Every structure is written in structure tokens, then in C-alpha cells.
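Here the structure is a predicted model, which is why all the values come from computation and not from measurement. Note that the numbering runs from 1 along the sequence shown for the chain. What's counted below: heavy atoms across the whole structure, side chains too, no hydrogens, waters or symmetry copies.
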Amino acid sequence: MDRSFKERGEQIENFQKRYEGDSGRFETLREEEGSGPCKSVEGWLIMVTNVHEEAQEDDINDTFSQFGPIKNLHLNLDRRTGYVKGYALVEFEDYKQAQQAIESMDGEKLLDRVVQVDWAFKKPQRAGGKQRR
């Protein structure tokens, strides 16, 4: 007699068989020494804070494109008011262009507001100088 349905115990056996062999072994990200900026999937992402609420994408694009071609730009709006939330994310393909934009624009005025510019992603500093194995 051929069964077309599974017994209760079969599900547990199949579940256990699935994780035989190389289970629990995962690929790791390459660890680099020290702290500093991290590259996102597509490029180097910088965060611009204290952006004027009436700023447009063109204002940010014109300001930061002088450092190199901008790969991606996000200027998020508040749903309720329709104004800018106060920050922008600018992505450069090249590390040097992003670094130059940070050094040049951090503490500078953009639409009568002094903006802060820094890396969006940073590697944390290790406490006590201990190395992870």
C-alpha cells in the first residue's frame, strides 16, 4: 500500500538530515585591522546631517557632485509635513571622492545651515585592544 501522506516522525527525521555535514559553518566577512569607514554594497556612503528642511535633491547634488560623480542620493521627506527630515545620504563609488567630500563639507554652510558630514558606516573600535579569533 503506497502512502501519499507523511507520518509525524518523518518531518523530524528530514529536519535532522538537512543539517548534517557542514551545518553551522558560515562564511565570514574579511576582518580588517583598526576602525574606520566601511564600504556599503555598492560604494562609499556618507551621511549629511542638519540639512535645511526646504532643501531639494538638486541642492545636495550640485554641492557634492563637485567631489566626483554621485552614485546614489537619498533625501528623505517627512510624510506629514512634506519637508526634508534633516539628513541626506550620498553615495560615491570611490573612497577618495567620499573622503574629500567629508573633509571639505563638514562644518560648512548649505542653504544657511551648517551641516555635519561623516561616514554612514564605521567599523567599531575594539575595546582593550583585544583581537577576535
Side-chain angles (χ1 to χ4, degrees):
M1 182 172 176
D2 187 24
R3 293 186 330 214
S4 61
F5 60 92
K6 292 183 180 181
E7 298 286 331
R8 289 185 199 178
E10 285 184 56
Q11 291 176 346
I12 294 171
E13 290 173 15
N14 289 339
F15 182 78
Q16 289 171 345
K17 286 179 186 176
R18 182 187 323 172
Y19 293 106
E20 291 177 356
D22 289 337
S23 67
R25 294 185 188 170
F26 302 101
E27 294 179 13
T28 60
L29 297 174
R30 183 175 50 120
E31 292 188 27
E32 297 177 8
E33 295 298 320
S35 63
C38 288
K39 185 177 182 180
S40 70
V41 174
E42 296 180 2
W44 297 92
L45 199 61
I46 62 173
M47 185 167 197
V48 184
T49 57
N50 200 28
V51 176
H52 194 277
E53 63 184 11
E54 294 182 1
Q56 301 288 319
E57 280 190 12
D58 290 341
D59 300 324
I60 305 295
N61 193 17
D62 292 345
T63 303
F64 285 91
S65 63
Q66 63 184 339
F67 305 107
I70 294 175
K71 189 168 188 176
N72 207 346
L73 173 68
H74 288 281
L75 191 62
N76 294 327
L77 303 178
D78 187 325
R79 290 184 198 162
R80 189 172 43 88
T81 64
Y83 290 115
V84 174
K85 285 189 171 183
Y87 68 93
L89 296 168
V90 182
E91 187 172 10
F92 291 95
E93 192 165 351
D94 186 43
Y95 171 84
K96 291 180 182 178
Q97 294 167 347
Q99 180 67 39
Q100 186 180 6
I102 291 171
E103 291 172 356
S104 299
M105 289 304 300
D106 188 34
E108 296 295 318
K109 278 194 171 191
L110 178 65
L111 297 177
D112 297 328
R113 278 245 176 110
V114 176
V115 294
Q116 288 81 40
V117 185
D118 202 0
W119 296 107
F121 302 114
K122 292 183 183 179
K123 290 180 263 182
Q125 290 183 336
R126 298 238 167 95
K130 293 181 182 178
Q131 295 291 329
R132 198 169 30 155
R133 293 181 188 187

Participant: How close do S40 and E91 get, counting heavy atoms only, and between which atoms?
Facilitator: OG-OE2, 3.2 Å
Participant: Show the nearest heavy-atom pair for residues K123 and P37, with the distance to one decimal.
Facilitator: CE-O, 3.6 Å
Participant: State, with a plain yes or no, whether a side-chain heavy atom of F64 is found less than 4.5 Å away from one of L73.
Facilitator: no
Participant: Going only through I, L, V, M, F, W and Y residues with side-chain contacts under 4.5 Å, is there a path from I60 to L45?
Facilitator: no
Participant: Without placing hydrogens or testing angles, list every side-chain donor-acceptor pair under 3.5 Å for residues 100-113, not counting sequence neighbours.
Facilitator:
{"unit_1": "E103", "atom_1": "OE2", "unit_2": "Q99", "atom_2": "NE2", "d": "2.8"}
{"unit_1": "S104", "atom_1": "OG", "unit_2": "Q100", "atom_2": "O", "d": "2.9"}
{"unit_1": "D106", "atom_1": "OD1", "unit_2": "V117", "atom_2": "N", "d": "3.0"}
{"unit_1": "R113", "atom_1": "NH1", "unit_2": "V51", "atom_2": "O", "d": "3.2"}

Participant: Specify the closest pair of heavy atoms between C38 and K122, including all atoms of both residues, with the distance to one decimal.
Facilitator: SG-C, 3.9 Å
Participant: In terms of ring plane angle, is the pair W119 and Y95 parallel, tilted or perpendicular, where the classes change at 30° and 60°?
Facilitator: parallel
Participant: Could you grab the distance from atom CD of Q56 to atom CG of N61, nearest 0.5 Å is fine?
Facilitator: 12.0 Å
Participant: Heavy atoms only: give me the nearest N50-V115 pair and the separation to one decimal.
Facilitator: O-CG1, 3.7 Å
Participant: Are any non-hydrogen side-chain atoms of V84 and L77 less than 4.5 angstrom apart?
Facilitator: yes
Participant: In terms of hydrophobic clustering (I, L, V, M, F, W, Y; side-chain heavy atoms under 4.5 Å; direct or indirect links), are F92 and L89 co-clustered?
Facilitator: no
Participant: Enumerate the residue pairs fulfilling side chain to side chain donor-acceptor pair (under 3.5 Å) with a member in residues 63-80, sequence neighbours excluded, ordered by first and then second residue.
Facilitator: N76-Y87
Participant: Can you list everything that forms a ring-ring contact (aromatic ring centres under 6.0 Å, His included) with Y83? Sequence neighbours excluded, please.
Facilitator: none
Participant: If you count heavy atoms of other groups shown closer than 6.0 angstrom to CD of E53, is the number above 12?
Facilitator: yes
